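Below, read A as the first sequence line, B as the second, and so on, with proteins coming before strands; counting in each chain starts at 1. Atom set for the values below is all heavy atoms of this structure, side chains included, hydrogens, waters and symmetry mates excluded. Worth saying up front: this structure is predicted, and the values here are computed from it rather than measured.
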Protein chains: 2
Amino acid sequence: MSTLSLEIGKWVQIQVTQKDPTPKKRANLRDVAKAAGVSVATVSRVLNEPGLVKKDTLDRVQKAITELRFVPSAAARAINSGRTRFVGALVPTLDNAIFARFLAALERKLSENDLSLVVATTESDLEVEAKKAKGLVDIGAEGLIVTGAAHTAEFHDLLDRTMIPTIITSYFDDASALPTIGYDNKAAAQLALRHLIELGHRQIAVVHGPVHNNDRTFARLSGLREIDWEGQLTTVETEISLRGGTEAAARILSYPTKPDAILCLSDVVALGVLFGLQSKGISVPKELSLMGLDDLPSSACSVPSLTTVHLPVSRMGERAAVALERWISIQEKPKAERLEVRLIERGSTIPKVGHSR
Amino acid sequence: MSTLSLEIGKWVQIQVTQKDPTPKKRANLRDVAKAAGVSVATVSRVLNEPGLVKKDTLDRVQKAITELRFVPSAAARAINSGRTRFVGALVPTLDNAIFARFLAALERKLSENDLSLVVATTESDLEVEAKKAKGLVDIGAEGLIVTGAAHTAEFHDLLDRTMIPTIITSYFDDASALPTIGYDNKAAAQLALRHLIELGHRQIAVVHGPVHNNDRTFARLSGLREIDWEGQLTTVETEISLRGGTEAAARILSYPTKPDAILCLSDVVALGVLFGLQSKGISVPKELSLMGLDDLPSSACSVPSLTTVHLPVSRMGERAAVALERWISIQEKPKAERLEVRLIERGSTIPKVGHSR
DNA sequence: AAGGTTGATGAAACTAGTTTCATATGTCAA
DNA sequence: TTGACATATGAAACTAGTTTCATCAACCTT
């Protein structure tokens, strides 16, 4: 107890000593120049090209910098260079690991190029997206990364006016005016469905997230509808989350006939469905096959492990970072990039009983 | 195919027409003033206090703004106001949902206060953290949010020099010089262990992430060691990920005697352990009890659902956002905030056979 | 010793805004 | 009709850096 009061006492003291020197405002270049007895140009050189400054002068200036606790103003730098060294990314949510993984890769690669990442979440609301995009531009973002191709008119207007380099991700489209770096959502969904069809499944329930304003989900669903086969699809819309998945599972189990297989258009939902089925005592894949689409790390670990379609989101993050960096620094507008998706066969899908593959 | 070429043709055309107007550089205040036949001061007023400008002049200036596609420079604004309107957050990783959730809440709340969030990941490396913190200051962050209380000397030196408002999260400590907003890691771990002890478990394996440079893990572990009881703890260090959990499970099962319970110091790891046990045919909680610590959304959905200690990371994000905003805007240095943790009893823990609670 | 080159430095212009202060109208009351 | 006040606007100073151009000294060459 005595130690505790001592600690608190110490802390208060720190508070006080910190308050004392605070009033004198931050030193600027002129202050340093004056203190060192040189011109502002020389201080600027010390900061940017120390090689041009005589050793003696350099020392004097650096001493002044240290003493005055000088920290150059980012804004003043930016006003001259026209560079703020950060870009913005707009993603629907951070709660889905797929976006978190994408952002992790994006940030890592941007950071290699000395760019920082401002993250903004849109909650899949295009109005919010437009507002936040405006905010990012207002604070000086040099480029934008957005999710999907559908955006509001104000958003496009903003890009038009500012000509800010902007890359669309999670979506591939050759013909888009804005460069896209992503995968073919339609093909990814078809790859998944074809796998289930090949295994002999004919009654397939498709669990997907909200279609409203979500071009990725829409593309995936329309991909499924385009496939010509002798089976039947039932679609179930739910929230993209584990809970959404367990709810969808419950709904599917309430149908008069149990499907042969369930195809979830995201892995989180598939995991949720798996849990939902397990809690009702339904065995996957014995009683029905289950597939996801995303390929999260958890999908490889679940029991059974989840068959899915791998979306290369980490690579997408890296490619987007590189492309945006080049666009910003050397005005090279990127070409659209299609990243290949691939089927990952794991334990949650097996041939339908009686079906020889 | 003909449609495709048409589309490509169209895209090329867009490219060309975009290149044409590009050369003329971005218009600035002076350009707008000249075009509207007013002074720069008037244009500035139109931007910031339109009420002071005569309707007629206002219209003329706004027309010029539109025609010249004028977008004010964020840097020039910042140089005058001294405000960049963004803060930086340093987290170990985005790959663990616990940080993603924290950041999501943080971003949401900051955004309500017109602050943007720059995210930087440190990979739990304090050197990287210091370097990225420097980067955040360099680009003009007005405040910082960091994870944990352990940092390098350079990091502290940076804070000292710049006096940048900085809040420590995921960690509570009254006596820290920097304000902390977080939970008591020691108490959280103890809460978990006491629950297992109460259920009668006496051989407990503790699975935790790397201790090196991680004060949260360290605090949790030392909390466990401080408890005086008549049982035995075995600790297993692993990577904080699902895979890390499955590996730890395998390791634990290779021991000569199976523990009564496994306590994982993060939920991701607990989920991994659960999968690892399931794949070896071990039934949780029948054969052994399993506990996590974090409380992720997935923990409520797994089968069995995971008993855990809830860490209020979303609230932590909100509180940190509010506190940092106040510190920045009205120089009110926040007080340390302890957020309560609580035990969430779910399906993965049951009393040891023969133990009456 | 004169001329050329290099190195180190400073004055001033420049980036793109905001803000202060002064001035020119216009309105109203005395 | 004149002074008082409000409104609208502009000139210039100001924010905090970078950059250009000029200057001067020192060294090297012939």
Participant: Rounding to an integer number of Å, can you tell me how far D56(B) CG sits from dT7(D) C1'?
Facilitator: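 After rounding, the gap between these two atoms is 14 Å.
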Participant: Under 4.0 Å from OP1 or OP2 of dT9(D): is there any side-chain N or O of T42(B) that close?
Facilitator: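 No, outside the criterion.
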Participant: Does E318(B) pair with R108(B) as a salt bridge, N-O distance under 4.0 Å?
Facilitator: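 Counted as a salt bridge, because a side-chain N and a carboxylate O are separated by less than 4.0 Å.
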Participant: Just how far, in rounded Å, is P of dT19(D) from CD1 of I79(A)?
Facilitator: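 So the CD1-P distance, I79(A) to dT19(D), works out to 13 Å.
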Participant: Would you please confirm or rule out a distance under 4.0 Å between OP1 or OP2 of dT18(C) and any side-chain N or O of R77(B)?
Facilitator: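 Yes, because at least one side-chain N or O of R77(B) sits under 4.0 Å from OP1 or OP2 of dT18(C).
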Participant: Strictly below 4.0 Å: does S44(A) bring a side-chain N or O up to OP1 or OP2 of dG17(D)?
Facilitator: no
Participant: Looking at R326(A), I want to see if its CZ is surrounded by more than 12 non-hydrogen atoms of other residues, nucleotides or ligands under 6.0 Å.
Facilitator: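 12 or below, so no.
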Participant: For V53(A), answer base if it contacts any base atom (sugar-phosphate contacts may also be present), sugar-phosphate if it contacts only those atoms, and nothing otherwise; contact means non-hydrogen atoms under 4.0 Å.
Facilitator: sugar-phosphate
Participant: Any idea which of dT18(C), dG17(D), dA12(C) is nearest the L29(B) side chain?
Facilitator: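 Output: dT18(C).
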Participant: Taking only side-chain nitrogens and oxygens of S39(A), does any of them come within less than 4.0 Å of OP1 or OP2 of dT9(C)?
Facilitator: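 For dT9(C), neither OP1 nor OP2 has a side-chain N or O of S39(A) closer than 4.0 Å.
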Participant: Rounded to whole angstrom units, what separation is found between the CZ atom of R30(B) and the C1' atom of dA13(D)?
Facilitator: 11 Å
Participant: Distance check needed: dG10(C) P versus K54(A) NZ, whole Å only.
Facilitator: 10 Å
Participant: Checking all strands, does S81(B) fall into the base, sugar-phosphate, or nothing category for heavy-atom contacts under 4.0 angstrom?
Facilitator: nothing
Participant: Closest to the A41(B) side chain: dT19(D), dG17(D), dT19(C)?
Facilitator: dT19(C)
Participant: Which class fits the ring pair H151(B) and H156(B): parallel under 30°, tilted 30 to 60°, perpendicular over 60°?
Facilitator: perpendicular
Participant: Whole-Å distance between dT20(C) C1' and E49(B) CD?
Facilitator: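 To the nearest whole Å, that distance equals 13 Å.
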Participant: Go nucleotide by nucleotide along DNA chain D from the 5' end; which of N80(B) and T57(B) gets its closest nucleotide reached first?
Facilitator: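 Looking at DNA chain D, the more 5' nearest nucleotide goes with T57(B).
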Participant: Check the pair K132(A) / E107(B) against salt bridge (Lys or Arg N to Asp or Glu O under 4.0 Å), numbers first and verdict last.
Facilitator: CA-CA 11 Å; K132(A) 292 209 174 174; E107(B) 194 266 342; 3.0 Å; yes
Participant: Please give, in whole Å, the distance from dG17(D) C1' to D31(A) CG?
Facilitator: 13 Å
Participant: Mind calculating the distance between NZ (K55(B)) and P (dA8(D)) to the nearest angstrom?
Facilitator: 13 Å
Participant: Quick one: is dA16(D) close enough that its OP1 or OP2 comes under 4.0 Å of any side-chain N or O from N28(A)?
Facilitator: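 Indeed, a polar side-chain atom of N28(A) lies that close.
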Participant: Tell me the interatomic distance from R60(A), atom CZ, to dA8(C), atom P, rounded to whole angstroms.
Facilitator: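 The answer, rounded to whole Å, is 14 Å.
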Participant: Phosphate oxygens OP1/OP2 of dT18(C): is one of them under 4.0 Å from a side-chain N or O of N48(B)?
Facilitator: yes
Participant: Between D56(A) and R60(A), does any NZ, NE, NH1 or NH2 come within less than 4.0 Å of an OD or OE carboxylate oxygen?
Facilitator: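 Counted as a salt bridge, because a side-chain N and a carboxylate O are separated by less than 4.0 Å.
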